[in-house]
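Take a look at the structure set out below.
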Amino acid sequence: MRGNSLFMHSGGVTSVVNTVVHTLRSELGDNLLICPYGVTGLSRSIHMASQDINWSHIENSPAMAFGSSRLRLPELKTHPEFYQKLFNNFKEKNIGTVFCNGGNNSQHVAAQIEQAAATLQQPLQVIGIPKTIDNDVLHTDTAIGFGSAAKYTAISCMEVSLDLASMCHTNSKVLIFQTMGRNVGWLAAASAIAKQHPFAGPHLILVPEASFSIDTLLQKIQYHLRQHNHVVICLAEGITHFNELYPNQPTPAHKLGALIQQHFNLSSHIVIPDYLQRAARHIASSTDIEQSIAMTQHAMKLAKNGQSGIMITVDRISESPYAWKVNHVPLSKVAGHERSLPREFLTRDEMHINQQGIDYIQPLIQGESLPIFKNGIPCYSNEIYQCIEKIQQTD
């Protein structure tokens, strides 16, 4: 590896992503620099020395201890001066390797840096490490953060389903649980693991990849209300089936709630866990953490071997027992693309997840890795607040 290494995080955070930077620090020591708030810090040439950081509790903390950003990089053709300044700064800090941790759009950021370095003949290695609770990165069995978010989703859906069933004869009969997942249904699909009894929810799972009519959906809802006196519906935030309905309603869950109110004269409880799904480190998946460490170690190994322009992947070797290995693909095959939930994971009516889909997701949520607790709450890192101060000093 050439000189120092720079870590940057891009895109939405997860509950286990600090495992990546902690693993890098454990291996690289003081040769690791941190780019606070991802592309924001990169654009402002702000780098933090890892020896100045309080590393206590970082590994077991949710979110990104050093911040993230959804900003994009400019194109080399139109803004060559940006990259000249960037690489001059890298040279000044003796940065020879960049590790970019993020989803498919973040891998596009990594590809931009790598391609600009090659075009401008800069001695720089760039390696992507995939992370997203959406699980929509191509060419990897899973991405860092999905297993833990899927675990939280399944558990939460099970718990609220029991709550609704307890009260359904005198109170609410409908609960709509809306998961994250920008354009895909992976996280909503994980809720199927919650269904441990024929009467249990979720009774319906609605994902963007499915095809169904509103009339068929209403028939299914009516069926479950008659059979179980309640219905739990899990739907992905990226679903577009209700786009033309109730334009004043803010989310797909609210639109569906308005539809149910109109047709059945029943109000719905709407549960939108949102950030809770990706911040719940207290119930993280051990498999997720194990894969995070292995992927990061593989990234460092390949960097030491002179590799660049690649993204680390997880390859599934077998389903039962679940076995996997780390691998890599060119960034050009990943950047800017999206991986949908396979249609073969859907039931025949496309309003639930079949056993094949459950078998695919189930291994990813296995094991519990609890943080250290003190005074009844987890001991999480406060490093992010130092990063805020560093960014504000440049404003």
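It should be emphasised that the depicted structure is a prediction, and the values quoted were computed from it without experimental measurement.
Salt-bridge annotation for R25 and D30: present, with a side-chain N of the basic residue lying under 4.0 Å from a carboxylate O of the acidic one. Taking the charged nitrogens against the carboxylate oxygens, K255 and E244 have no contact shorter than 4.0 Å, which rules out a salt bridge.
Counting only distance, with no hydrogens or angles, the side chain of S148 and the backbone of G145 share no donor-acceptor pair below 3.5 Å. Of the possible polar contacts, none joining the S172 side chain to the V174 backbone as a donor-acceptor pair under 3.5 Å is found. Under the 3.5 Å distance criterion, the side-chain polar atoms of E27 are left unmatched by any main-chain donor or acceptor of Q297. Between the N229 side chain and the C168 main chain, a donor and an acceptor come within less than 3.5 Å of each other. Distance alone, capped at 3.5 Å, is enough to place a donor-acceptor pair between the N101 side chain and the I129 backbone. Of the possible donor and acceptor atoms, one in the side chain of K131 sits under 3.5 Å from a partner among the backbone N and O of G12. The backbone N or O of A65 lies less than 3.5 Å from no partner atom in the side chain of E383, so there is not a single donor-acceptor pair. At least one donor-acceptor pair under 3.5 Å links the side chain of T132 to the backbone N or O of D134. A donor-acceptor contact shorter than 3.5 Å is absent between the side chain of Q366 and the backbone of T287. In this structure a side-chain-to-backbone donor-acceptor pair under 3.5 Å is missing from Q122 to A116.
Taking CG from L235 and CZ from F177, the interatomic distance works out to 10.5 Å, rounded to the nearest 0.5 Å. For the atom pair CD1 of I283 and OG of S15, the computed distance is 10.0 Å after rounding to the nearest 0.5 Å. Expressed to the nearest 0.5 Å, how far CD of Q115 lies from CG of L76 amounts to 9.0 Å.
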task: Determine, step by step, whether Y83 and L120 satisfy the side-chain contact (heavy atoms from CB on, under 4.5 Å) criterion, reporting the C-alpha distance in whole Å, the side-chain angles of both residues, the deciding distance to 0.1 Å, and the verdict.
output: CA-CA 9 Å; Y83 290 94; L120 299 177; 4.0 Å; yes

task: Starting from the C-alpha separation in whole Å, work towards a yes-or-no answer on side-chain contact (heavy atoms from CB on, under 4.5 Å) for I388 and Y37.
output: CA-CA 8 Å; I388 292 175; Y37 284 92; 3.0 Å; yes

- prompt: Q355 and I358: side-chain contact (heavy atoms from CB on, under 4.5 Å), yes or no, with the steps?
  reply: CA-CA 5 Å; Q355 192 60 47; I358 292 173; 3.9 Å; yes

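Taking the six-membered ring for Trp and thresholds of 30 and 60 degrees, H197 and F199 have ring planes more than 60 degrees apart, a perpendicular arrangement. Between H47 and F90, the two ring planes are tilted [angle within 30° to 60°]. Between F242 and F212, the angle of the ring planes lies from 30° to 60°, which puts this pair in the tilted group. Ring-plane geometry between H203 and H230 is classed as perpendicular, the angle between the planes exceeding 60 degrees on a 0 to 90 degree scale with a lower cut at 30.
No side-chain donor-acceptor contact under 3.5 Å links N54 and S56. For the 3.5 Å distance criterion, the side chains of T153 and S156 fail to qualify, holding no donor opposite an acceptor.
F66 and L6 fall into different hydrophobic clusters, where Ile, Leu, Val, Met, Phe, Trp and Tyr are joined by side-chain heavy atoms under 4.5 Å apart, directly or via other members. Under a hydrophobic-cluster definition in which Ile, Leu, Val, Met, Phe, Trp and Tyr are linked whenever side-chain heavy atoms come within less than 4.5 Å, directly or via other members, L204 and L164 are assigned to different clusters.
Geometrically, R343 does not engage F345 in a cation-pi contact defined by less than 6.0 Å to the ring centre and at most 45° from the axis. Geometrically, R316 engages Y360 in a cation-pi contact defined by less than 6.0 Å to the ring centre and at most 45° from the axis.
A 4.5 Å side-chain heavy-atom check between I260 and I233 finds at least one atom pair inside the cut-off.
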